[in-house]
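Within every chain, numbering begins at 1; the chains are lettered A, B, ... in the order of the sequence lines, protein sequences first and strands thereafter. Values below: every heavy atom of this structure, side chains too, minus hydrogens, waters and symmetry copies.
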Number of protein chains: 2
Amino acid sequence: MQEVTLKQIAEILQISVTTVSKALKDYKDVSPKTKAAVRNLAAKLNYKPNPTALSLRNRETKIIGLIIPEVVHHFFASIIHGVVLEAENHGYLVITLISNDSYELEKQQVALLLDKRVDGILVSLAGSTVHTHHISQIIKKEVPLVMFDKISDEIRCSQVIIDDWQAAFEATEKLILSGCRKIIHLKGPDGPKTSLDRFEGYKDALKKHRIPFHPSYVYTSKNVSIEDGYKLTEQALKDHPDIDAVFCITDLVAAGVHKYCKNHQIKMPEQISIIGFSNWLISELMSPSLSTVDQPGYEMGIRAVNLLIQEIGSKKSDEKSTLQKIVLPTKVLMRETTR
Amino acid sequence: MQEVTLKQIAEILQISVTTVSKALKDYKDVSPKTKAAVRNLAAKLNYKPNPTALSLRNRETKIIGLIIPEVVHHFFASIIHGVVLEAENHGYLVITLISNDSYELEKQQVALLLDKRVDGILVSLAGSTVHTHHISQIIKKEVPLVMFDKISDEIRCSQVIIDDWQAAFEATEKLILSGCRKIIHLKGPDGPKTSLDRFEGYKDALKKHRIPFHPSYVYTSKNVSIEDGYKLTEQALKDHPDIDAVFCITDLVAAGVHKYCKNHQIKMPEQISIIGFSNWLISELMSPSLSTVDQPGYEMGIRAVNLLIQEIGSKKSDEKSTLQKIVLPTKVLMRETTR
DNA sequence: AATCATTCCGAAAACGTTTTAGATATGAAT
DNA sequence: ATTCATATCTAAAACGTTTTCGGAATGATT
């Protein structure tokens, strides 16, 4: 089944390809009669311009690339949803790539998208990404770039993020205001900025309320998993039997804490309060339901695409685009694991 | 920043574009000397063939389209993961589209992918899809097509599915064997085949064990949501206070049942056993943990891509591809909501 | 010296589109 | 009759590749 081309239409109508093209694009130097003839035939044959040919000529693919660290993940799945939907609304399609939190994969995938000549790229960094040279490549090639959530400050580009510091600060403060004093923090690996910012927020909340910060109250979850949460809770309770709260880098880790407490008859929130992060679906369904920080993934996706499309636009019209930084509000959801 | 082209290399080396192309593709009618020169320069300039030009010439985009009904969903997120990964391994990129369970959107998206001239399409139908004319369009245009999970038997194409009947049969039988007799089924909407098959499996398990089937024991969840699960449980208990088990179309609905039971001090599994479907992350984390049917999304994605790429291959070499139907095994996971 | 094979190269066509820069014809104004 | 404006069309180039075909040069064989 051959696709219909301008050439075929031209042959049938015994006119030139040029005229056919112009007729369809409503050029004024085509007679109304030919225009009508061309359009009728085009409609009848269901002519659709070949996007590859258009790409070659216009030097644009109408495709944007999206690189995320994970996909089986409430937050990132929401991001995909927002991105794909909003891109579609603007006539763009989205190629999604999953770095699986691997620096090496992420590098390859950036190269893949660049080679594919996508019109713009959306990136959220892998947890293990330390160098950002591959990201600067995107900028160097003058491909529009927007980073979201897991960003790097070394890269000059528009960003869509939440204020991780603020969110962590508020979450920690809520714990303090509810009476907790010995608050453990299960932090993420040292690479990601989100992880560091949340850690800082935790420390600053303590400072504000004149609660001494103990480095020994902080544990690092390498895999950011349920298992990590479980094991670190065990360790933390061994080190400090009198702790009264845990603030976690993410709900998954918090779920591990939750599980440990349940298995060991530690009452939540009476003995230990827990706050997670991201508002995974699971957090609402656990019992007692997990307090957490709501992180608007869907909206983040939409905003990121809009920023990107804006940049693509200003690149086309040769304007200089102004770098923007959108900080989306978060909300601490106090559910049943906090007092 | 201009991308490097064959022409540029040719000009620098003062040879023809043809020779450059041939040198890079190791044609034998290029002298070793020129070959070396071309290759060195190409490497130095980091030449990468323009994929759009290649697409135009080869009539292939190296892109496959994926249409799924939802994305913020453990099963479908796993599918994406499998699809994207396996496609990447075979040199294909994936454009993902989300129908949001809407027939209209799905139609548009099929047209979008067809217009974009993707090399193949992977579809899981929207819940509201009744007519499959848009899907037959794919076949009519001779674009390779593989359907997975939510398929339609009206379409002649390769398929990757689980045996929903079998899975539901086993799940129901496990309930029966554990002593349950008054088993409610919270089914999905009537459109999707998966939904109907699970219903049949439920009925046939009852029949095998000579338990009379009561239509009044079956409730339809329109939105397949937690809320539906909650409300339908309330209704079911009002209608039949003596029920001892619930088999649900999916874990989300089961989570609603779970919640209702918890709120009303109904003991699981002592008073009511529950089995869900799909093995969402939440099922493992609820307490008591939810028994469910494990549905291998990741593997399904991988298998579907492989089937598709196989078809793309046989289309290119003009062979007729044989339609395949892969039925992936499922496993009933008996956790804490069953005896 | 003529023929042949071999080696190396490049022109041209093709993929499907858009746009620039003419070409041709008609009629009107000088 | 010449010039000019207008209307309608098309050839050609361009985007970046690949491949077919033929040409030119070289050296070997008759």
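Using a 4.5 Å cut-off on side-chain heavy atoms (C-beta onward), A:Val4 and A:Lys48 make no contact. Taking 4.5 Å as the limit, every side-chain heavy atom of B:Leu328 sits out of range of all side-chain heavy atoms of B:Ile161.
Of the possible polar contacts, one joining the A:Ser55 side chain to the A:Glu60 backbone as a donor-acceptor pair under 3.5 Å is found. A donor-acceptor pair under 3.5 Å is absent between the side-chain atoms of A:Thr96 and the main chain of A:Leu66, judged by distance alone. Judged by distance alone, the side chain of A:Asp101 and the main-chain N or O of A:Gly127 form a donor-acceptor pair under 3.5 Å.
Distances shown here put a side-chain N or O of A:Thr19 below 4.0 Å from the OP1 or OP2 atom of D:dT10. Residue B:Thr52 places none of its side-chain N or O atoms closer than 4.0 Å to OP1 or OP2 of D:dG16. Dashed line: the shortest gap from a side-chain N or O of A:Lys48 to OP1 or OP2 of C:dG16 is not under 4.0 Å. In this structure, B:Arg59 does not reach the C:dA14 phosphate: none of its side-chain N or O atoms is under 4.0 Å from OP1 or OP2. Side-chain nitrogen and oxygen atoms of B:Thr5 include none within less than 4.0 Å of the OP1 or OP2 phosphate oxygen of D:dC15.
Listed nucleotides: D:dC9, D:dT17, C:dG16. Nearest to the side chain of B:Ala53: D:dT17. Taking only side-chain atoms of A:Leu56, from C-beta outward, the nucleotide of D:dC15, C:dC9, D:dT10 with the closest atom is D:dC15.
Atom NE2 of A:His90 is surrounded by more than 12 heavy atoms from other residues, nucleotides or ligands within 6.0 Å.
The shortest heavy-atom contact between A:Ala10 and A:Val17 is CB-N, 3.8 Å.
Straight-line distance from the CD atom of A:Glu60 to the P atom of D:dG16: 14 Å, rounded to whole Å. Computed from coordinates, the A:Asn50 CG to C:dG16 P distance equals 7 Å when rounded to whole Å. Between the CG atom of B:Leu13 and the P atom of C:dC9 there is a distance of 11 Å, given to the nearest Å. Atom NZ of A:Lys62 and atom P of C:dT17 are 17 Å apart (whole Å). Here the P atom of nucleotide D:dT17 and the CZ atom of A:Arg117 are 7 Å apart, to the nearest Å. Taking atom CG of residue A:Leu24 and atom P of nucleotide C:dG16, one finds them 16 Å apart after rounding to whole Å. Atom NZ in B:Lys7 sits roughly 12 Å away from atom C1' in D:dT17 (whole-Å rounding).
Under the side-chain contact (heavy atoms from CB on, under 4.5 Å) test applied with B:Val84, the options B:Ile64, B:Val94, B:Leu93, B:Asn89 reduce to a single match, B:Val94. With B:Gln108 as reference, B:Leu105 is the one residue of B:Leu112, B:Val110, B:Leu105 to meet the side-chain contact (heavy atoms from CB on, under 4.5 Å) rule.
By the 4.0 Å N-to-carboxylate-O rule, A:Lys7 lies too far from A:Glu11 to be salt-bridged with it.
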Item checked: Protein proximity profile, nucleotides 18-28 of chain C - base contact B, sugar-phosphate-only contact S, no contact -, cut-off 4.0 Å on heavy atoms -> BBBB-------
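In the helix from C:dA1-D:dT30 to C:dT30-D:dA1, the end axes, each obtained as the rotation axis mapping the C1' atoms of four pairs onto the next four within a five-pair block, lie 90° apart to the nearest 10 degrees.
Within 4.0 Å of B:Thr34, counting heavy atoms only, lie sugar-phosphate atoms of the nucleic acid but no base atom.
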